[in-house]
> 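Right, I'll just put the structure down here and ask away after.
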Amino acid sequence: MQRTENPLVPPFRRPPSHVAIRRVDSYERDFFALIYETLRELQKRETAEQTRPQAPGVPASTSTTLAQIRGKTVLLKPNFVTLDPLSAINTHPAIVAAARESFLKLGAAQVLIGDGPALDRDTEAVVESVRLREYVGPLQRSFTDLNVDDVARVPLRTRASRLKELYLPKTVLAADFVVSMPKLKTHHWAGVTLSLKNMFGIVPGGCYGWPKNVLHWAGIDNAILDINATVRPDFAIVDGINGMEGNGPIQGVPKKTNVVVFGNDPVAVDATCCRIMGLLPEKIKYLAGAGTLLGHLNHDKIEQLGESIASVRTPFAVLKEFEGIKEVDRQKRN
Amino acid sequence: MPVVQSASDTDFVFSVCLPLLQTAQNSDGGWGFHSGSPSRVEATCWALLSLIHLEPSNEQHETGFRFLRGTQLPDGSWPSSAEQSVGCWATSLACWVLESDPASREAVAAGLNWICKDLPRGPSLFQRVISSINRRNKVVAQDESLQGWGWTPDTASWVEPTAFALIALDQAPKELLPNGAGKRCQSAKALLYNRMCREGGWNCGNPMVYGVPGDPLVEPTVWALLALRNESQRPEVAKSLAWLEKSIPTTLGAGSLALAKICFETFAKEWPPNAPDLKDLYAKNEFLASIPVLAWTCLALGAKTIWPGTKAVVCTDAKN
């Protein structure tokens, strides 16, 4: 599968990544205009970049870029977890629906929506509780339950964890362009859960159970790296309008941040989100690892559009175990 | 789908769900999670369990049994999909289904043996001692010495695979149970009670994380209750049934609703009049074309026999 053959490139050989921060104060607004315009802007930058000569020795990427989206199959991978009356746990369906419309308008041949909730095997109940059907129509036509999708054996590209292979959904492997669409949340075991951690949701419960406990025993941080190194999400859109701090991803406290963060490099998007949350991305174990082969962690290598990080920075509370990842603590120590 | 919604439950089962289930069987004898998908052990088990309760035995059942026997691994376990070489929770489901097939006796015995040898992974003794000293930092509040079953080998105990194994061992002919089955069942039942949520009911298996109570979910609650169905006198069972009854009116998933109905019938409880109608849920999303949900719906609305059956003797060691 082409998706799993994209070369791993160290940061010094990578072109800069593009990340856009948009300020949004409510789920009531017109997301289509916001998302479509942002994607267009990022697309223009990518197109301009592709006309530049490639640096010598950099292996050619096999992945689809935003600039090449026309005629392609896009998979949106939101983070749907459980019943969420305060809209702090799950990616909001308004954003998912607007992303679908935007990619279609950009020329994508089809835009699929798929997730594999980790804790509740009644995916229909989870997705109904999120109200996705109200935004995208009957679920049997618009949504793929990745937990019970057809699977293929995939050797993992890296050996960060002791997992050597995983059975992964064919819908994910066949997609030309995978968009990770997480929520902005802290995580009680991984520090934060953003676009890279969101990819846990592609691992099928139908092979590994609910929860996908084999990933926990393999080491959460390392499993996140192996999954992302193998599947390589192409883009990220983070719903940070209402996020979660403290004992996330389910039992924390809702936190309003009023941003949507976009980017063509999920590592750079997650690093930017951490900075918005007042956290140090290089102190988050799996992000530090991802910064070596999967994308840019370094702020100097991220071309920022839209709002500045400083203007939207909203420090998040973390569990005591993760005090060391807070920016403020580091500044005090220094 | 007005036709579906106005049909009786029996019509819905026999004119919609059952034909969909029957025609979804693959040429290899198995069923996928969706019609047209490659056969998977779990989906095949649910489809067969439903068909053998709704129809007289027939060739379709036989080819399904053959598929299951053909996918059994040399160690006696069943993988989730035929290409995998490691067994999983589907072993319990396969044993449960094949118990009704006289030709599968050896396969069932080997499967039960694997189940009883499949120990979950837990914290080491050293980690347990540290955790008991340092209670403030304890992530989960549960008795880690109790053993149930994991979803896959070498992982921790969780509610649903534990319940599946208990049901399989309980349904099995006594003479096929390996040594130690009774002890495993005892510990597994204790684990289920230990993992119950404070308000009754179960989630996947963490009733408390970092001091915060977890919310129960319908499916794990149903499976735990069905595994404990011979202990209806226990207050935990009554409390969990009460939680389930309270939750049914707001249940959004057809799978959860069908299983809850099966659970209520097993415990001879009256189905709440304000429960959602499975036919209405079918009209919304066509059950996401899920074979297991179709199978559970057939069992919930169409099966004439009590399911999964009740027995007076539960999980005794064969050779004690």
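All chains are named by letter (A, B, ...) in the order of the sequence lines, taking the proteins before the strands, and each is independently numbered beginning at 1.
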> Quick one: pull up NE2 in His34(B) and CG in Asp145(A) and give me the separation to the nearest 0.5 Å.
6.5 Å

> Less than 4.5 Å apart, side chain to side chain, heavy atoms only: is that true for Asp122(A) and Leu217(B)?
no

> Between Val151(A) and Arg40(B), which heavy-atom pair has the shortest distance, and what is it?
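Taking Val151(A) first and Arg40(B) second, the nearest heavy atoms are CG2-NH1, 3.9 Å.
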
> In terms of side-chain geometry, is the basic nitrogen of Arg121(A) or Glu42(B) positioned less than 4.0 Å from the acidic oxygen of its partner?
yes

> Ile250(A), Asn213(A), Leu139(A): which one forms the most heavy-atom pairs within less than 4.5 Å of chain B?
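Looking at each of Ile250(A), Asn213(A), Leu139(A) in turn, Asn213(A) comes out on top.
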
> Counting heavy-atom pairs under 4.5 Å to chain B, which of His188(A), Arg141(A), Glu165(A), Arg133(A) comes out on top?
Arg133(A)

> Less than 4.5 Å apart, side chain to side chain, heavy atoms only: is that true for Thr155(B) and His216(A)?
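A side-chain contact is absent here, since even the closest heavy-atom pair is not under 4.5 Å.
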
> Identify which of Thr144(A), Val127(A), Val148(A), Leu119(A) forms the greatest number of heavy-atom pairs closer than 4.5 Å to chain B.
Val148(A)

> Atom SG of Cys204(B) and atom CG of Asp120(A): how far apart are they, to the nearest 0.5 Å?
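It comes to 9.0 Å.
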
> Are side-chain N/O atoms of Asp154(B) and Trp217(A) paired as donor and acceptor at under 3.5 Å?
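No pair is found: no donor N or O on one side chain lies under 3.5 Å from an acceptor on the other.
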
> Once you round to the nearest 0.5 Å, how far does OG1 of Thr152(B) lie from OH of Tyr208(A)?
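Taking OG1 in Thr152(B) and OH in Tyr208(A), the distance rounds to 8.5 Å.
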
> Where does Arg153(A) contact chain B at under 4.5 Å (heavy atoms): side chain, backbone, both or neither?
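No part of it gets close to chain B.
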
> Working to the nearest 0.5 angstrom, can you tell me the gap between Glu83(B) CD and Cys207(A) SG?
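If I round to the nearest 0.5 Å, the distance is 8.0 Å.
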
> Measuring from atom CG of Leu252(B) to atom CZ of Arg131(A), what distance do you get when rounded to the nearest 0.5 angstrom?
11.5 Å

> Between the side chain of Trp151(B) and the main-chain N/O of Trp210(A), is any donor-acceptor distance below 3.5 Å?
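Between the backbone of Trp210(A) and the side chain of Trp151(B) there is a qualifying donor-acceptor contact (under 3.5 Å).
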
> In terms of heavy-atom proximity below 4.5 Å to chain A, should Pro161(B) be classed as side chain, backbone, both, or neither?
neither

> Do Ser80(B) side-chain atoms and Gly206(A) backbone N/O form a donor-acceptor pair below 3.5 Å?
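Between the backbone of Gly206(A) and the side chain of Ser80(B) there is a qualifying donor-acceptor contact (under 3.5 Å).
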
> Between Arg121(B), Lys284(B), Glu219(B), which residue shows the highest count of heavy-atom pairs closer than 4.5 Å to chain A?
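Greatest number of close heavy-atom pairs with chain A: Arg121(B).
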
> Restricting to non-hydrogen atoms, name the atom on Asn285(B) and the atom on Glu124(A) that form the minimum distance, rounded to 0.1 Å.
ND2-OE2, 3.0 Å

> To the closest 0.5 Å, what do you measure between OG (Ser81(B)) and CG (Asp150(A))?
10.0 Å

> Can you say whether Ala43(B) sits under 4.5 Å from chain A via the side chain, the backbone, both, or neither, judging by heavy atoms?
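For Ala43(B), neither part sits under 4.5 Å from chain A.
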
> Mind ranking Pro38(B), Gly255(B), Pro213(B), Ala289(B) by heavy-atom pairs under 4.5 Å with chain A and telling me who comes out on top?
Pro38(B)

